[in-house]
Amino acid sequence: MKRDEEKLGLYFVNPPEDVSLASIDLDRVPSHISLIMDGNGRWAKSRGLDRSQGHVAGVRSLREIITASVRLGVDCLSAYAFSTENWRRPQEEVDLLMALFANTLLRELPLFHRENVRLRFLGDLEGLPETTRDTFREGLDETASHTGMTLALAVNYGSRAEIARAARLVAQDVATGRLALEDVDEHAVASRLYTRDLPDPELLIRTSGELRLSNYLLWQLAYTEFYVSDKFWPDFDRWDLLRAVGSFQGRDRRFGGVTS
Ligand code: IPE
Ligand code: IPE
Ligand code: MG
């Protein structure tokens, strides 16, 4: 995606010692970066705060990473905000998160307009409280004509449920004769996932040091490069994003073949 070089330089001023804009190759920035934003609760606990304050602080980080990604020319940024398993949390925390999603989205619409960001959701929106769902629909409508970076938020998302849903849609199309059995291939499945029109992530970042996927994009991450940061999500900033991109650029991606 096109970059505004001047804005880019201004956004990455005063770098820390170990990383700078000059340390990455701007022609090889991953086109799709995906985030597992983890560690809000532990961040809050380490400061003697309530978990909810960790989630509020996490929104700040996401805002910074959205802007940094736009500046770098990333085509698509996806982020895991709430999993199908997160309903297991105390009701109070679930309620807070749902309200936070709705309020934040409305508040950030000017940012999406200014930065030409198009919103997408991955997951089952029908399972969300009505006010949250309505706000999400409003966000989708308001940003539908934007042509810049796509921001795909995974909310009430679970990869196994997503794949089972795709299998159901395939079965339905075969049963009704719209799809021939011999045409059931990888494309037939991929085109029925929530990510159907998005490229697979090139880089996955997980914060707070956990080495697991927690039911996130199991299909789409088949050949994605992983980067794990020990920082809690609310501490993850634009420089950490550059560190992740730098690490990505040092990888030898073979996709099962051999290095050329
Ligand atoms: C990630 O932070 C945010 C969501 C899952 C909504 P956590 O809430 O999982 O924080 P930790 O992992 O308990 O520290
Ligand atoms: C993954 O984090 C989900 C999100 C970041 C939204 P969790 O905190 O739910 O994952 P586990 O429970 O540690 O695997
Ligand atoms: Mg967690």
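Keep in mind it's a predicted model, so treat the numbers as computed, not measured. Throughout, numbering of the chain's residues begins at 1 and tracks the sequence. Remember, it's 1-based here, ligands and their atoms both numbered in the order they're listed.
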Show me the donor-acceptor pairs, under 3.5 Å and distance only, between side chains in residues 226-234 and residues at least two apart or in other chains.
| from | atom 1 | to | atom 2 | distance (Å) |
| --- | --- | --- | --- | --- |
| Ser229 | OG | Lys231 | N | 3.1 |
| Lys231 | NZ | Asp240 | OD1 | 3.3 |
| Lys231 | NZ | Asp240 | OD2 | 2.9 |
| Trp233 | NE1 | Gly58 | O | 2.9 |

> How about the Mg ion (ligand 3), which protein N, O or S atoms come within less than 2.8 Å?
Replying inline: Asp38 OD1
> Is there a donor in the side chain of Ser34 and an acceptor in the side chain of Tyr80, or the other way round, less than 3.5 Å apart?
Replying inline: no
> Taking the six-membered ring of Tyr11, is NZ or CZ of Arg238 closer than 6.0 Å to its centre and within 45° of its axis?
Replying inline: yes
> Exactly which residues line ligand 2, taking a heavy atom under 4.0 Å from it as the test?
Replying inline: Ile36, Met37, Asp38, Tyr80, Ala81, Phe82, Asn86, Arg89, Arg206, Arg212, Ser214
> Looking at Arg118 and Glu142, does any basic side-chain N land under 4.0 Å from a carboxylate oxygen?
Replying inline: no
> Any luck finding a side-chain donor-acceptor pair between Trp87 and Asn156 under 3.5 Å?
Replying inline: yes
> Do Asp200 and Thr224 have side-chain atoms, one donor and one acceptor, less than 3.5 Å apart?
Replying inline: no
> Taking the inter-plane angle between the rings of His146 and His113 on a 0 to 90° scale, is it parallel (under 30°), tilted (30 to 60°) or perpendicular (over 60°)?
Replying inline: perpendicular
>> Any salt bridge linking Lys45 with Asp50? Criterion: basic side-chain nitrogen under 4.0 Å from a carboxylate oxygen.
In response: no
>> I'd like to check which ligand 1 atoms, numbered from 1 as shown, lie under 4.0 Å from a non-hydrogen atom of His55.
In response: 3 (C), 8 (O)
> Which pairs count as salt bridge (charged side-chain N to carboxylate O under 4.0 Å, His left out) when at least one residue sits in residues 210-221, sequence neighbours excluded?
Replying inline: Arg42-Glu210, Glu210-Arg212
> ligand 1 versus Lys45, non-hydrogen atoms closer than 4.0 Å: side chain, backbone, both, neither?
Replying inline: neither
>> Quiz question: by atom type and distance under 3.5 Å, do the side chains of Arg243 and Ser23 form a donor-acceptor pair?
In response: no
